[in-house]
Amino acid sequence: MDTTREMARRVLREYGETYVHEAGIRLRDTPAPLYQLLVLCVLLSAPIRAATAVAAARELFGDRLRTPRRMADSPWQQRVDALGRTHYRRYDESTATALGNGARLVLERWNGDLRRLRDEAGGDPAAVRELLQEVPRIGATGSDIFCREAQAVWPELRPFVDARVRAAAAGVGLPGTPRALAELVPPAEFARFADGLVRIALTPDAAGRLRAA
């Protein structure tokens, strides 16, 4: 039996939910869901639990703040209140400001359509990451998260693997290079696979339990 492929199947089966899916985003290569992914990345960039950031994204989207225009036009206090309802504490006011400023940047720079960012980058993953970091609160971590999720609909990013994915892969006995990891699962499943490895890294004893099984 190919133990690495079996381990990859277990990662998908037991941990393979993307963060965009958990946040209620139906990710497609269209402006609104791509912007929602950007919002999620802003929220995940703070030093706060991933589950809290995901809940905050769902709350903002439930308040109909699903497009850069709606986010830019929303009152600052509405954004603060939405974040507060999900216990996104300590960072609620600064994040509310960053979301408003980021929405205005997306509107002014890319006419509200992040596919224009991709076009500006020429499909180059490093250039995509660099442009994303012009958005307030998006740094190296946030741009990595965006590319890890967006590779499901932007195949030119695939296989995108960040440091956390590589470390988690090593922890369960899988290879650490993007190409070697990509050979273990179908291309359409790679984003789920990468997020599954991240979830393993964030779950106590998950790697040990998978190795022991």
Side-chain angles (χ1 to χ4, degrees), residues 15-72 74 78-107 110 112-115 117-118 125 128-129 131-154 157 160 162 164-165 190-199 201-202:
Y15 294 96
E17 181 183 20
T18 62
Y19 286 98
V20 288
H21 182 268
E22 186 181 356
I25 302 168
R26 296 182 179 180
L27 190 60
R28 300 184 301 276
D29 188 22
T30 55
L34 289 171
Y35 174 69
Q36 292 160 26
L37 168 57
L38 185 69
V39 169
L40 177 62
C41 293
V42 169
L43 297 170
L44 285 167
S45 293
I48 202 163
R49 292 177 63 247
T52 302
V54 168
R58 294 183 70 96
E59 191 70 21
L60 288 165
F61 303 151
D63 256 6
R64 303 181 66 189
L65 303 181
R66 303 186 192 100
T67 68
R69 174 54 63 198
R70 285 190 177 275
M71 188 70 78
S74 65
Q78 179 186 359
R79 302 193 295 271
V80 171
D81 291 346
L83 295 171
R85 287 193 297 271
T86 60
H87 307 290
Y88 197 92
R89 305 297 188 192
R90 294 171 51 203
Y91 306 99
D92 52 353
E93 294 187 356
S94 62
T95 300
T97 299
L99 287 170
N101 291 340
R104 286 185 282 275
L105 174 68
V106 171
L107 288 167
W110 299 294
D113 186 349
L114 290 172
R115 294 176 300 182
L117 178 153
R118 178 187 59 188
V128 168
R129 292 181 72 254
L131 288 171
L132 285 167
Q133 291 180 49
E134 296 183 19
V135 177
R137 195 60 70 81
I138 295 287
T141 297
S143 61
D144 280 350
I145 296 168
F146 186 97
C147 291
R148 200 176 68 224
E149 302 282 339
Q151 66 183 324
V153 292
W154 288 0
L157 297 178
F160 185 86
D162 58 23
R164 180 166 278 175
V165 171
F190 193 77
R192 285 206 310 122
F193 181 47
D195 270 10
L197 287 167
V198 170
R199 289 181 184 278
L202 296 176

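Remember, predicted model here, so these are calculated numbers, not experimental data.
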Might you point out which heavy atoms bring Ala152 and Leu27 nearest each other, and give the distance in Å? CB-CD2, 4.5 Å
Student check: side-chain heavy atoms of Arg129 and Asp162 closer than 4.5 Å: no
May I ask you to decide if Ala140's main-chain N or O and Ser143's side chain share a donor-acceptor pair within less than 3.5 Å? yes
Heavy-atom donor-acceptor pair, Asp63 side chain to Leu65 backbone, under 3.5 Å: no
Between the CZ atom in Phe193 and the CZ atom in Arg148, the distance rounded to the nearest 0.5 Å is 13.0 Å
Working to the nearest 0.5 Å, report the span between CG of Asp113 and OG1 of Thr67. 12.0 Å
Ring pair (Phe, Tyr, Trp, His ring centres under 6.0 Å) against Trp154, all qualifying residues, sequence neighbours excluded: Phe146
Which residues pass the side chain to side chain donor-acceptor pair (under 3.5 Å) test with Glu134, not counting sequence neighbours? Arg109
Could you list the residues that satisfy salt bridge (Lys or Arg N to Asp or Glu O under 4.0 Å) with Arg70, not counting sequence neighbours? none
Tell me if a side-chain donor or acceptor on Gln151 pairs with a main-chain N or O of Phe160 at a distance below 3.5 Å. yes
Contacts table for residues 96-107: side-chain donor-acceptor under 3.5 angstrom, sequence neighbours left out:
unit_1: Thr97; atom_1: OG1; unit_2: Trp76; atom_2: NE1; d: 3.0
unit_1: Thr97; atom_1: OG1; unit_2: Glu93; atom_2: O; d: 3.2
unit_1: Asn101; atom_1: OD1; unit_2: Arg104; atom_2: NH2; d: 2.8

Report the distance from atom CZ of Arg89 to atom OG1 of Thr52, rounding to the nearest 0.5 Å. 10.5 Å
Could you name each residue pair satisfying salt bridge (charged side-chain N to carboxylate O under 4.0 Å, His left out) that touches residues 23-39, not counting sequence neighbours? Asp29-Arg118
Going from NE2 on His87 to CG on Asp92, what distance comes out if it is rounded to the nearest 0.5 angstrom? 12.0 Å
Quick one: salt bridge (Lys or Arg N to Asp or Glu O under 4.0 Å) partners of Arg79, sequence neighbours excluded? none
Counting only pairs under 3.5 Å, give me each side-chain donor-acceptor contact of residues 34-45, with atom names and distances, residues two or more places apart or in other chains.
unit_1: Gln36; atom_1: NE2; unit_2: Arg66; atom_2: O; d: 3.3
unit_1: Ser45; atom_1: OG; unit_2: Cys41; atom_2: O; d: 2.6

Separation between CG (Leu197) and CG (Leu202), nearest 0.5 Å, reads 11.0 Å
What donor-acceptor contacts under 3.5 angstrom involve side-chain atoms of residues 17-25, with partners at least two apart or in another chain?
unit_1: Glu17; atom_1: OE2; unit_2: His21; atom_2: ND1; d: 2.9
unit_1: Thr18; atom_1: OG1; unit_2: His21; atom_2: N; d: 3.2
unit_1: Glu22; atom_1: OE1; unit_2: Arg199; atom_2: NH1; d: 3.3
unit_1: Glu22; atom_1: OE1; unit_2: Arg199; atom_2: NH2; d: 2.7

Just to verify, what does Ser94 make a side chain to side chain donor-acceptor pair (under 3.5 Å) with, not counting sequence neighbours? Arg137
With sequence neighbours excluded, what pairs up with Tyr91 under the side chain to side chain donor-acceptor pair (under 3.5 Å) test? none
4.5 Å side-chain heavy-atom contact, Ile48 and Arg90: no
Minimum heavy-atom separation for Val135 to Trp110, with atom names? CG2-CZ3, 4.3 Å
If you count heavy atoms of other groups shown closer than 6.0 angstrom to CZ of Arg164, is the number above 12? no
For residues 36-49, the salt bridge (charged side-chain N to carboxylate O under 4.0 Å, His left out) pairs (sequence neighbours left out) are none
Residues at least two apart in sequence or cross-chain that pass side chain to side chain donor-acceptor pair (under 3.5 Å) with Arg192, listed by chain then number, are Glu189
What is the minimum heavy-atom distance between Ala55 and Thr86, and which atoms define it? O-CG2, 3.4 Å
